[in-house]
K.L.:
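Before anything else, here's the structure in question.
Proteins get letters first, then strands, A, B, ... in listed order; numbering begins at 1 in each. If you're wondering where the values come from, they're calculated on a predicted model, not measured in any experiment. The figures that follow rest on heavy atoms only: side chains count, while hydrogens, waters and symmetry mates do not.
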Number of protein chains: 4
Amino acid sequence: MPRAERERQMMAAAVRTFGRRGYRAASMDEIAELAGVSKPLVYLYLNSKEELFTACVRQEAAALLAAVEAGVDPGQPADRQLWSGLTAFFSHTAEHPDGWVVLNRQARTQGEPFAGEVAGLRDELVALVAGLIAAAAREARAACPASAGSGPADLAGRELPGQDLTGLAQALVGAAESLAGWANETPGVSPEEAAATLMNFAWTGLGNLLDGERWPPPSAR
Amino acid sequence: MPRAERERQMMAAAVRTFGRRGYRAASMDEIAELAGVSKPLVYLYLNSKEELFTACVRQEAAALLAAVEAGVDPGQPADRQLWSGLTAFFSHTAEHPDGWVVLNRQARTQGEPFAGEVAGLRDELVALVAGLIAAAAREARAACPASAGSGPADLAGRELPGQDLTGLAQALVGAAESLAGWANETPGVSPEEAAATLMNFAWTGLGNLLDGERWPPPSAR
Amino acid sequence: MPRAERERQMMAAAVRTFGRRGYRAASMDEIAELAGVSKPLVYLYLNSKEELFTACVRQEAAALLAAVEAGVDPGQPADRQLWSGLTAFFSHTAEHPDGWVVLNRQARTQGEPFAGEVAGLRDELVALVAGLIAAAAREARAACPASAGSGPADLAGRELPGQDLTGLAQALVGAAESLAGWANETPGVSPEEAAATLMNFAWTGLGNLLDGERWPPPSAR
Amino acid sequence: MPRAERERQMMAAAVRTFGRRGYRAASMDEIAELAGVSKPLVYLYLNSKEELFTACVRQEAAALLAAVEAGVDPGQPADRQLWSGLTAFFSHTAEHPDGWVVLNRQARTQGEPFAGEVAGLRDELVALVAGLIAAAAREARAACPASAGSGPADLAGRELPGQDLTGLAQALVGAAESLAGWANETPGVSPEEAAATLMNFAWTGLGNLLDGERWPPPSAR
DNA sequence: AATGAATGAGTATTCATTCAT
DNA sequence: AATGAATGAATACTCATTCAT
């Protein structure tokens with residue numbers, strides 16, 4: 001069997017095992033057995049438990065990021081982009097539960113040497129979301145050119161300082177992570193519904209929500 | 001030294017060690033040394049690593065929940081309650097970083113026998129938040145009695161089915177968890193600011209936010 | 001509570017625990033708890049686990065030996081003495097099952113430092129039985145004074161060299177030990193019946209033996 | 001080195017160590033060192049201390065039983081079979097002293113989880129002996145066909161109720177166990193002599209028993 | 001390309017025993 | 001006369017990792 005395929009098998013077994021047991025509790029024996037190969041072969045190909053786990057994290061992070069980025073169509077308005085990105089996010093995590101658990105839970109116990117690896121992914125997601133929020137701000141400004149010149153007060157309303165922007169993005173990403181976990185274990189919640197819930201929550205605001213507003217707003221439907 | 005005090009020492013050492021290393025990677029040797037006692041004493045008082053960890057989780061969960069509940073004044077309107085609850089949450093997690101890490105990260109690796117323990121805490125938080133959102137909905141209806149009879153569309157706008165309610169609460173709790181982590185490692189973000197960011201995000205809605213709205217709304221100031 | 005009574009309590013708890021668990025598996029904690037005292041008190045009175053066990057063995061051995069000796073009436077013929085001694089043996093072991101288990105099983109794992117202690121008891125039992133067999137031989141000779149002078153062949157038949165004597169006694173003691181275990185766990189076997197079974201088995205054999213019969217019988221040679 | 005051979009080495013070391021120290025006092029470290037391997041290898045091949053001990057007991061029990069059964073020639077009369085079986089028993093125990101100690105002493109501390117294992121062996125030996133005694137009874141009846149019709153008293157004399165039979169077999173097995181211990185530590189007692197001692201002791205007694213004699217003899221009643 | 005055989009280093013847990021009071 | 005508090009030393013068991021083939 002060619003090396004590349006064997007490696008895929010091993011990675012799949014590793015993701016599954018790490019997802020189910022956690023980094024420390026997973027044993028190389030179990031991974032090798034699940035992959036259907038001998039332990040020395042795992043070491044020959046992937047060097048060590050730590051490297052193997054790091055490779056799993058990197059692979060799953062790249063796949064998730066790619067899925068989200070593929071879901072975002074830069075030609076669309078920012079809220080649409082966010083909505084489709086979230087849908088892609090919820091779809092991907094639902095379809096790769098082990099990988100998602102590895103990323104979201106198992107890789108985040110601090111003190112382990114791969115802590116930075118997954119923090120990197122999260123930072124990329126936060127940056128992506130922050131970018132979308134910033135884009136939305138620009139669009140809002142562009143949509144009301146009149147107000148652009150109406151005064152500094154208005155403008156201030158549309159400017160978000162960097163720290164606020166990051167905080168908002170952190171909140172949105174956290175909300176998405178939480179909803180992903182909840183949606184994956186609650187039957188009958190589709191990725192689209194989860195995305196809509198989050199858009200309602202974040203975009204529209206709870207206050208407006210209670211006034212009957214929903215996302216997408218009627219004008220955009 | 002009296003037993004109760006020794007136990008407190010041990011629990012503190014355990015929370016610190018579990019927070020820094022994770023459940024599996026923490027060793028009873030390290031905990032005992034940090035507590036300044038011999039290992040057998042830890043076993044004499046707390047029976048086993050698993051029981052010790054469960055005790056830590058329970059203690060930290062109870063403390064966090066108590067802090068949040070103490071921060072919520074039922075005499076206030078729902079948005080005020082939510083804001084003060086969030087402030088208490090961010091304060092508590094900032095003051096007990098090890099306990100927060102134990103709860104939020106280390107206790108959530110699935111497959112371990114205490115998985116349910118921390119899930120319980122999270123469910124309580126979600127329920128608490130869901131209760132506040134439902135209360136807000138009631139208040140909104142009460143505030144516009146006229147609209148109550150004005151038609152089904154309006155009413156529908158103020159009714160939240162249970163699943164939506166839970167989803168929103170999950171999103172809010174996830175956002176808070178995420179912000180707590182970010183605020184704790186970003187210098188200069190106070191609990192109040194974190195709470196305001198989240199209220200802006202959730203209560204007002206990003207859309208309104210970009211239109212210059214802020215929480216608390218001018219009328220409430 | 002006076003020291004002597006406390007010591008009796010402890011010894012009783014120890015015999016019970018050692019009997020149920022064995023020397024190594026019994027813990028001083030369990031013994032102290034069963035005796036209703038604190039562990040340091042056990043050490044204060046009985047010094048160490050090994051000394052405690054040795055004391056148990058000595059106590060039970062002395063009690064068993066005393067019971068057997070009390071059952072043997074030197075004024076009776078040897079077979080009667082043997083029968084009543086066996087009855088006393090089976091009665092005592094039935095009434096003190098824990099003590100018997102300690103003597104017969106738990107104290108006989110070699111390598112432990114008290115190995116000699118229980119070997120001593122057994123040697124005394126074997127010597128007692130050997131004495132009875134020798135007495136029986138003397139009685140047999142005395143009962144047939146005529147044959148005493150009839151020739152060396154006859155005499156040889158009634159003389160048992162020391163090694164044979166010891167071997168026979170060992171066999172009889174082993175048979176008794178085995179029957180004691182069997183009788184204690186087989187309902188409906190009384191000490192008298194056990195003694196009768198053994199006498200049936202052994203005595204008629206011994207009798208013939210003393211009359212010069214040997215196996216294989218002459219006809220089969 | 002091939003696995004099977006290593007396993008044999010380990011079993012031998014284990015039998016020796018368990019025989020010398022007892023189950024609880026034997027340490028896996030000592031066994032591994034005596035076998036000349038590292039401890040993990042012992043665990044890899046034999047799983048746990050308990051399984052290792054059970055395997056030792058099973059192996060030694062099977063070997064002893066096989067030796068005894070090989071010594072019994074069903075074509076021979078019952079007394080010959082018993083004698084040769086006993087000779088095989090004493091030979092085997094003399095040649096495998098560690099195994100015999102494991103079976104006869106170390107495996108019989110009650111409360112340990114393998115208690116049943118060795119009880120099984122003993123029950124098989126008792127059943128085998130009981131079978132031989134029953135066979136002897138049949139042979140005795142067959143040898144005196146005339147007496148078969150001569151009256152109920154005679155017949156009764158040759159019938160042994162099941163419980164008596166078991167009791168006799170227990171006594172004989174116990175006597176053999178005791179003699180084995182004695183013979184093994186008394187220089188100059190050959191297996192044949194031990195077997196002869198026991199046959200002298202037991203067989204002539206059994207013979208009379210089968211002829212209807214009982215203790216106490218009628219004259220003494 | 002692949003593996004059977006093997007281990008050094010560590011981990012949770014237990015227990016006989018002592019000290020200060 | 002009695003105990004609550006405490007520990008040094010040991011033990012069963014596991015695991016990531018390597019070597020010889």
K.L.:
Checking C:Arg3 against C:Tyr45: charged group under 6.0 Å from the ring centre and within 45 degrees of the axis?
P.N.:
yes

K.L.:
E:dG4 pairs with which nucleotide, Watson-Crick or G-U wobble, both distances below 3.5 Å?
P.N.:
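F:dC19 - that is the nucleotide pairing with E:dG4, both distances being under 3.5 Å.
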
K.L.:
Starting from the 5' end of DNA chain F, give me the residue, C:Gly36 or D:Ala25, whose nearest nucleotide shows up first.
P.N.:
C:Gly36

K.L.:
Separation of A:Met10 atom CE from E:dT3 atom C1', in whole Å?
P.N.:
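It is 12 Å, rounded to the nearest whole Å.
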
K.L.:
So which nucleotide from E:dA6, E:dA2, F:dA2 ends up closest to the side chain of C:Leu41?
P.N.:
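Shortest atom-to-atom distance from the side chain points to F:dA2.
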
K.L.:
For the pair B:Leu52 and B:Met11, evaluate side-chain contact (heavy atoms from CB on, under 4.5 Å) and give the outcome as yes or no after the intermediate values.
P.N.:
CA-CA 8 Å; B:Leu52 174 54; B:Met11 290 290 289; 4.1 Å; yes

K.L.:
Rounded to the nearest angstrom, tell me the gap between atom CE in D:Met1 and atom C1' in F:dT21.
P.N.:
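After rounding, the gap between these two atoms is 16 Å.
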
K.L.:
Check the distance between E:dG4's C1' and A:Asp29's CG and give it to me in whole angstrom.
P.N.:
13 Å

K.L.:
May I ask you to verify if any side-chain N or O of C:Arg6 is less than 4.0 angstrom from the OP1 or OP2 atom of F:dA2?
P.N.:
yes

K.L.:
Using a 3.5 Å distance criterion without hydrogens, assess whether the side chain of A:Glu117 forms a donor-acceptor pair with backbone atoms of A:Thr54.
P.N.:
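Checked: no pair found.
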
K.L.:
Is the NZ or CZ atom of A:Lys49 both under 6.0 Å from the centre of the six-membered ring of A:Tyr23 and within 45° of that ring's axis?
P.N.:
yes

K.L.:
Kindly point out which of E:dA6, F:dT17, F:dT7 is positioned nearest to the side chain of A:Ser48?
P.N.:
F:dT17

K.L.:
Could you check whether D:Arg122 pairs with D:Glu177 (Lys NZ or Arg NE/NH1/NH2 to Asp/Glu carboxylate O, under 4.0 Å)?
P.N.:
yes

K.L.:
Touch check for C:Ala26, heavy atoms < 4.0 angstrom, all strands: base, sugar-phosphate only, or nothing?
P.N.:
sugar-phosphate

K.L.:
Is the distance from OP1 or OP2 of F:dA5 to the nearest side-chain N or O of B:Arg3 less than 4.0 Å?
P.N.:
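Result: no.
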
K.L.:
Assuming nearest nucleotide by heavy-atom distance, tell me which of B:Pro2 and D:Tyr23 is located more 5' along DNA chain F.
P.N.:
B:Pro2

K.L.:
Quick check against the 3.5 Å criterion: does A:Arg105 have a side-chain atom that pairs as donor or acceptor with the backbone of B:Arg108?
P.N.:
yes

K.L.:
Using only modelled atom types and a 3.5 angstrom limit, is any donor from either the side chain of C:Lys39 or the base of F:dT3 paired with an acceptor on the other?
P.N.:
no

K.L.:
Closest-nucleotide mapping onto DNA chain E: is D:Pro40 or A:Pro40 further toward the 5' terminus? I mean the 5' end.
P.N.:
A:Pro40

K.L.:
Rounding to a whole Å, what distance do you find between A:Leu46:CG and F:dA16:C1'?
P.N.:
14 Å

K.L.:
Just compare F:dT7, E:dT3, F:dA6 and give me whichever is closest to any side-chain atom of A:Ser38.
P.N.:
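That would be E:dT3.
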
K.L.:
Would you kindly give the CD-to-C1' distance between D:Glu5 and E:dG4, to the nearest whole Å?
P.N.:
15 Å

K.L.:
Nearest heavy atom decides the nucleotide; on that basis, is C:Arg24 or B:Glu50 closer to the 5' end of DNA chain E?
P.N.:
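Closer to the 5' end of DNA chain E: B:Glu50.
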
K.L.:
Give the rounded distance in Å between these two atoms: CD1 of C:Ile31 and C1' of E:dT14.
P.N.:
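Roughly 15 Å, once rounded to whole Å.
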
K.L.:
Given atom OH of D:Tyr45 and atom C1' of E:dT7, what is their separation to the nearest angstrom?
P.N.:
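It is 12 Å, rounded to the nearest whole Å.
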
K.L.:
Compare side-chain N and O positions of C:Tyr43 against OP1 and OP2 of E:dC19 and report whether any pair is under 4.0 Å apart.
P.N.:
no

K.L.:
For D:Lys49 and F:dA10, what is the distance between atoms NZ and C1' respectively, to the nearest whole Å?
P.N.:
11 Å

